[in-house]
Structures are given as structure tokens and as C-alpha cells.
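In listed order, ligands and their atoms are each counted from 1. All values below were derived from every heavy atom in this structure, side-chain atoms included, with hydrogens, water molecules and symmetry-related copies excluded. Quick caveat, the model's predicted, so the values are computed rather than measured.
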Amino acid sequence: MIRKKVLVTGGAGFIGGNFVQYFVNKYPEYDIYNLDLLTYAGDLTKHRDIEAKNNYFFIKADIADRAEINALFEREKFDYVVHFAAESHVDRSISEPGIFVKTNVLGTQILLDAAKQINITKFVHVSTDEVYGELDFDLTTFFTEKTPLQPNSPYSASKASSDLLVRAYHETFGLPVNITRCSNNYGPYHFPEKLIPLTISRALSNQKIPVYGNGKNIRDWLHVFDHCAAIDLVFHEGLNGEVYNVGGHNERTNIEVVKTIIHLLGKSEDLIDFVTDRLGHDKRYAIDPTKLEKLGWKPTYTFETGIFQTVQWYLNNEQWWEEIISGDYKKYFEQQYGL
Ligand code: NAD
Ligand code: DAU
């Protein structure tokens, strides 16, 4: 039997990494190719347990290198692409927007061209709720797939641009695409520059936890395993050309999230440090997942069960995040916060 080839870009990062694990283990009948540039956010140690499996392959490559990507697609003739690779951190996009345009916009366009050349069966583009901009604090409003795109940060503008290119390749060339737009993820291997792993790692080291502004901004948190299951469903059942929002109605203010973690770890709230607000800080995100639910998706974690499991994971995997926070990242953090 001819085996199907699935290219996963960004599979050394947080969500792509969890997705690679999930797909390699769930679908032994697929060959999974993890393509990643291994930037500061990519690490392969998370895949030690699947390295030896015969349906897992790693390719070090840059999605923004057209010649390299074209040659790879010509050689391997992938059947499917699930595209996670991106610059993903809003704060970094404020200090260095250019790399976000290169990777997120140009990189996506290069992948679309390469996928078009080999008549791909499906291209799933993993996007974000941030492309919709922000909601106000009226808790009855939600992002639907029909909400206009109004990105506010260089990161979300680059993701929205890539979404529009994906849409255009479907409308113009008939490329079989889906776009998923998920809310904030958390879970194993979340890089400690993002709020939840940053809070856990700082609290465990008894270091100050920077909370932007008054801490009242709201994010809608989803466990990464539930996000992976949503992408699996869209990959197999999504109607070509459609966008699917992903979120589990877990809205929390940032200060609630930080205090929950501090209490789970038995630490003091004195660690909280209210610092200068993020520029253009989006007030609130909240997803209406009705369309995906109609396709058959339901989250399995509440915020309470998910955050408990995640804190446990960081306690059991100290070596992984300690190596990160004591390396180059230390300099970034000091520059960012002066802490
Ligand atoms: P991440 O920063 O943890 O991982 C990104 C990965 O992409 C890294 O492994 C990195 O090495 C790789 N990469 C970066 N530039 C590359 C390039 N030029 N070529 C090849 N690989 C490259 O990101 P994440 O949080 O796992 O997010 C993955 C995707 O999901 C992104 O597209 C992001 O926009 C989207 N998303 C993230 C969230 C979230 O809460 N983290 C929510 C919704 C959507
Ligand atoms: O909504 C999906 C998006 O979620 C993804 O597309 C992005 O890739 C991902 O990084 C995330 O973006 P956010 O900006 O929402 O995540 P972050 O963890 O950076 O911040 C969450 C909230 O916490 C936000 O309101 C800013 C605040 N914050 C963040 C950091 C890093 C703080 O108060 N202090 C901090 O040190």
C-alpha cells in the first residue's frame, strides 16, 4: 500500500511539537515529516521518544527559502501539509517586526506555491484568533468566522496576511485549504516567554512575575491537546476553503491566571509585579466555536483540569525549561523587563 506523506511545519515548537507526537502515535499509517528551522523556539529533545519510529522524519529547513522548499516538495511529493511554522510571540513582533513578515507571510506564500505545484490533497493553515483584533469587556461578544480581520500587532497582522494568501490560493487556484483560528494555548512544552509557562517558571524560581498594565486583559485558554484534536478533525473532515474557529470558552483575566498558578504552587502573591503595559495590548479575546462543534469537536479539558496538569508537567520537567531560561533567553528577558 502507498503510504500518505504529511508535512508538518514548525513541529519542533510548542503546538506543532504536540501535534507531531499526536499524529505519529495516532496514525502509524501516515509518514510524518517534521520540517523546522530550529529557531530559538524550536527544540527536538521533545521528540526523543518518537525519533526511532519508522513513520517519523525530521527535515531542517527554512520555509522562507524558496529554492530549498521547492526542491523538497518536488522530491517528496507530500500529500498533506499542516502549517504551524511561524514567529509566534507578540512582544518580539513589537521589537522586531521584519522577521514576522519574512517567516509568516513570505514563508506561507512559498509553501502555498510549492503545494500548488504538486497538487496537494489538503493544506491546513494554523492561524490565530488574534487576526480578528480585540473585543471589549462586554462578555456577551465573541469572534465568529465572519468577524472582520482587524489585527493590531505586527504578529497578528502577519498572520492575517498569511490567512488572506491562503484564502486567495483557494479562490484563484482551487488549492484545497482550511484555516483554523485558535485562542491561546497552554500545556506541555510551552516556551517560557509566554504568560503561563513564564509564570510557572518564575514562581518556581521565586522570581518576580511581570503582569502587564492592570492585569485585567482577558484571554480564552485552550489546552494544546484539544487544539491538536481540532486540527485532526479539520484535516480529515474540514470542507475545502473553510475557516474554523477553535476555543473552549475558558476566558480568564491575566491576573486570575497568574494567581491560580501561584496558589497551585503554594507561592506568595508578593511575586506579582505590575509592569508597563504592552504597546497596543488587545483587551479581550473570546472564541465562538459553534462551527467546529457542528463538525464534531468538543474540548476535553476545563481550565481547572488543564492548568493543574500543566503545572504538574512543569514540575516534572524542570530540566527542559531550566535549560531555556538560563541560555540566550536570559538576555532577552532582561532586555524585555529589566527584571
Ligand atoms: P512556537 O514559537 O512555539 O513554534 C514555532 C516553530 O516554528 C518553532 O519550532 C520554530 O523553530 C519554527 N520556525 C520559525 N521560523 C521558521 C522558519 N522560517 N522555517 C521553519 N520553521 C520555523 O509557536 P507555537 O506557539 O507552537 O505556534 C504554532 C502556530 O500556531 C503558529 O503559527 C501560531 O501563529 C499559531 N497559534 C499559536 C497559538 C498559541 O497560543 N501559542 C494559538 C493559536 C495559533
Ligand atoms: O490568541 C492566540 C495567541 O496567543 C497566539 O496567536 C500567539 O502566538 C500566542 O503567543 C498568544 O498571544 P498572547 O499575546 O495572548 O500570549 P502571551 O502569553 O504573550 O500573553 C498572554 C497575556 O498575558 C497577554 O494579555 C499579555 C499578558 N502578559 C504576557 C507576558 C508574556 C503579561 O501580563 N506578562 C507577560 O510577561
Checking a contact table here: which protein heavy atom is nearest [atom], and how many Å away?
atom: atom 41 (N) of ligand 1; result: Ile15 CD1, 3.6 Å
atom: atom 5 (C) of ligand 1; result: Ala86 O, 3.4 Å
atom: atom 31 (C) of ligand 1; result: Phe84 O, 3.2 Å
atom: atom 42 (C) of ligand 1; result: Ser183 O, 3.4 Å
atom: atom 9 (O) of ligand 1; result: Asp36 OD2, 2.6 Å

Electrostatic pair [X]-[Y], nearest N-O below 4.0 angstrom:
X: Glu304; Y: Arg252; result: yes
X: Glu29; Y: Lys4; result: no
X: Glu76; Y: Lys5; result: yes
X: Lys77; Y: Glu74; result: yes

Using distance alone, decide if ligand 2 has a nitrogen or oxygen within less than 3.5 Å of any nitrogen or oxygen in [X].
X: Tyr285; answer: no
X: Asn254; answer: yes
X: Asp282; answer: no
X: Glu193; answer: no
X: Asp91; answer: no
X: Pro210; answer: yes
X: Val90; answer: no

Check: [X] N/O within less than 3.5 Å of ligand 1 N/O:
X: Tyr155; value: yes
X: Thr128; value: no
X: His83; value: no
X: Cys182; value: no
X: Phe14; value: yes
X: Lys159; value: yes
X: Ser88; value: yes
X: Gly13; value: yes
X: Ala85; value: no

Answer yes or no: is there a side-chain heavy-atom contact under 4.5 Å between [X] and [Y]?
X: Ile262; Y: Ile209; value: yes
X: Leu37; Y: Thr103; value: no
X: Val90; Y: Glu130; value: yes
X: His223; Y: Thr310; value: yes

Does ligand 1 have any atom sitting under 4.0 Å from a heavy atom of Thr9? no
Is it true that Gly17 lies under 4.0 Å from ligand 1, counting heavy atoms only?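 In this structure, Gly17 fails to qualify as a contact of ligand 1 - no heavy atom is under 4.0 Å.
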Short list, please: which atoms of ligand 2 are under 4.0 Å from a heavy atom of His89?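 What qualifies from ligand 2 is 19 (O).
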Heavy atom to atom 16 (O) of ligand 2, shortest distance: which of Asn184, Leu195, Ile15 holds it?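 Among Asn184, Leu195, Ile15, the closest heavy atom to atom 16 (O) of ligand 2 belongs to Asn184.
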The option among Gly13, Ser93, Ser88, Ser183 carrying the non-hydrogen atom nearest to atom 9 (C) of ligand 2 is Ser88
Is a side-chain N or O of His47 found less than 3.5 angstrom from the main chain of Tyr56, in a donor-acceptor match? no
With a distance cut-off below 6.0 Å to the six-membered ring centre and an angular limit of 45° from the axis, does Lys122 pair with Tyr80 as a cation-pi contact? no
Answer yes or no on whether Arg219 is positioned over the face of Tyr186, meaning its NZ or CZ is under 6.0 Å from the six-membered ring centre and within 45° of the axis.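 No; the conditions do not both hold, so Arg219 does not lie above the ring face of Tyr186.
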The single option from Asp129, Asp163, Thr128 passing side-chain hydrogen bond (donor to acceptor under 3.5 Å, both in side chains) against Arg181: Asp163
So among Asp277, Asn217, Thr276, Asp91, which one has a side-chain hydrogen bond (donor to acceptor under 3.5 Å, both in side chains) with Tyr212? Asp91
Checking contacts here: is it the side chain or the backbone of Glu130 that comes within 4.0 Å of ligand 2, counting heavy atoms only? Could be both or neither.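 The answer is the side chain.
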Using a 4.0 Å cut-off to any heavy atom of Asn185, which atoms of ligand 1 qualify? 39 (C), 40 (O), 42 (C)
What is the minimum heavy-atom distance between Ser183 and Asn185, and which atoms define it? O-ND2, 3.0 Å
Is the closest side-chain donor-acceptor distance between Asn104 and Tyr155 under 3.5 Å?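 No pair is found: no donor N or O on one side chain lies under 3.5 Å from an acceptor on the other.
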